[in-house]
Amino acid sequence: MSLLKAEHLSVKEGSKEIVKDVNWEINSGENWVLFGLNGCGKTTLLSRLAGYLSPSGGKVFLFGEEVTPENQLRLRKKIGWVSSSFFDRYLRYETVLEIVLAGKYGTLGFQDQWIGKEDVHKAKKILADFGLKERMRYPYDYVIKRTTAKSFDCPSAHGRSRINDFG
């Protein structure tokens with residue numbers, strides 16, 4: 001089964017072409033690593049593939065369904081995606097716990113009205129598994145600048161497939 005597919009994906013920022021004509025498919029059971037120099041477009045590409053930002057051209061499919069403005073939030077709820085460089089641009093002041101909780105709903109910010117006690121308990125357990133229990137109430141910006149990037153093999157916070165960018 002195709003989890004993610006890009007067809008002729010392009011991204012422009014202003015007049016600069018960041019990503020050009022990318023075709024890529026990730027199927028269930030496959031593991032991929034995306035390598036590249038700082039500033040080459042890894043996070044730009046992944047933020048479009050994960051449905052957080054729209055591409056300038058081409059199509060993105062998640063779980064066989066084309067990502068559109070009408071379904072992107074629903075589809076984002078099915079994945080977990082962590083990117084220090086993406087969050088550094090958009091979520092500097094939220095706490096680490098709030099970012100994990102926001103992941104349940106695929107949003108870029110914390111939606112307190114949607115979160116229950118069981119969600120908070122699950123998120124705290126995940127953070128403890130990652131060795132971040134003592135830092136869960138710290139702002140993301142503070143923690144990310146003081147934590148060495150690590151790659152973890154840990155179950156997804158909300159039992160879904162994961163696309164990870166530890167860039």
Side-chain angles (χ1 to χ4, degrees), residues 1-13 16-91 96 99-111 114-115 118-119 122-123 125-132 140 144 147-167:
M1 174 190 178
S2 178
L3 299 178
L4 180 146
K5 185 176 182 180
E7 292 180 351
H8 305 287
L9 186 77
S10 297
V11 177
K12 287 178 87 173
E13 292 185 8
K16 186 176 181 182
E17 211 162 34
I18 309 295
V19 176
K20 183 178 180 181
D21 199 32
V22 170
N23 293 293
W24 187 16
E25 186 168 2
I26 299 174
N27 293 299
S28 182
E30 294 179 348
N31 294 296
W32 287 77
V33 175
L34 184 60
F35 284 108
L37 298 173
N38 287 344
C40 74
K42 299 179 303 291
T43 299
T44 298
L45 173 64
L46 291 175
S47 65
R48 272 50 179 203
L49 294 174
Y52 280 90
L53 296 172
S54 298
S56 304
K59 296 178 180 180
V60 175
F61 298 84
L62 290 173
F63 310 100
E65 188 174 346
E66 184 176 356
V67 178
T68 65
E70 293 76 29
N71 68 13
Q72 68 184 10
L73 182 59
R74 179 177 51 80
L75 291 172
R76 280 198 318 244
K77 290 178 187 180
K78 295 181 177 184
I79 65 171
W81 179 58
V82 178
S83 170
S84 61
S85 45
F86 185 80
F87 286 149
D88 199 33
R89 289 163 81 180
Y90 296 100
L91 299 174
V96 173
I99 289 172
V100 171
L101 288 168
K104 179 174 183 179
Y105 296 97
T107 62
L108 286 177
F110 181 62
Q111 306 292 326
W114 297 342
I115 303 299
E118 185 179 318
D119 298 324
K122 255 188 196 179
K125 182 183 179 335
I126 299 281
L127 288 168
D129 290 346
F130 278 100
L132 293 170
Y140 170 80
I144 201 64
T147 304
T148 305
K150 296 178 182 177
S151 203
F152 298 96
D153 182 18
C154 183
S156 168
H158 305 291
R160 297 183 305 261
S161 301
R162 293 174 291 157
I163 299 172
N164 296 310
D165 171 17
F166 292 98

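On a predicted model such as this, the values are computed, not experimentally measured, just so you know.
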| message | Let's go through Glu65 and Arg74 carefully: what are the C-alpha distance in whole Å and the side-chain angles of both, what is the deciding distance for salt bridge (charged side-chain N to carboxylate O under 4.0 Å, His left out) to 0.1 Å, and is it a yes or a no? | response | CA-CA 11 Å; Glu65 188 174 346; Arg74 179 177 51 80; 2.5 Å; yes

| message | Using side-chain contact (heavy atoms from CB on, under 4.5 Å), reason through Ser2 and Asn27 one step at a time and then give a plain yes or no. | response | CA-CA 4 Å; Ser2 178; Asn27 293 299; 3.7 Å; yes

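Within a 6.0 Å sphere centred on CD of Glu118, heavy atoms belonging to other residues, nucleotides or ligands number 12 at most.
Note: Leu49 CG to Thr44 OG1 = 11.0 Å, rounded to the nearest 0.5 Å. Atom CD1 of Ile126 and atom CG of Leu132 lie 11.5 Å apart (nearest 0.5 Å). Trp32 CH2 to Leu4 CG: the interatomic distance, rounded to the nearest 0.5 Å, is 10.5 Å. Leu53 contributes atom CG, which lies 11.5 Å from atom CG of Leu46 (distance to the nearest 0.5 angstrom). In this structure, CG on Leu9 lies 12.5 Å from NZ on Lys59, to the nearest 0.5 angstrom.
For the pair Leu62 and Asn71, the minimum side-chain heavy-atom distance is 4.5 Å or more.
Closest non-hydrogen pair, Ala123 versus Val100, comes out as CB-CG1, 3.6 Å. Taking all atoms of both residues into account, the shortest heavy-atom contact from Phe63 to Leu75 is CE1-O, 4.3 Å. Scanning all heavy atoms of the two residues, the minimum distance from Glu25 to Glu30 falls at O-OE1, 3.9 Å. Taking each heavy atom of Gly58 and Pro55 in turn, the nearest pair found is O-CG, 4.4 Å.
Side-chain N or O atoms of Lys5 include none that pairs as donor or acceptor with a backbone N or O of Phe61 at under 3.5 Å. Checking side-chain atoms of Lys122 against main-chain N and O of Leu101 turns up no donor-acceptor pair under 3.5 Å.
By the side-chain hydrogen bond (donor to acceptor under 3.5 Å, both in side chains) test, Asp21 is found to be paired with His8, residues two or more places apart in sequence or in another chain being considered.
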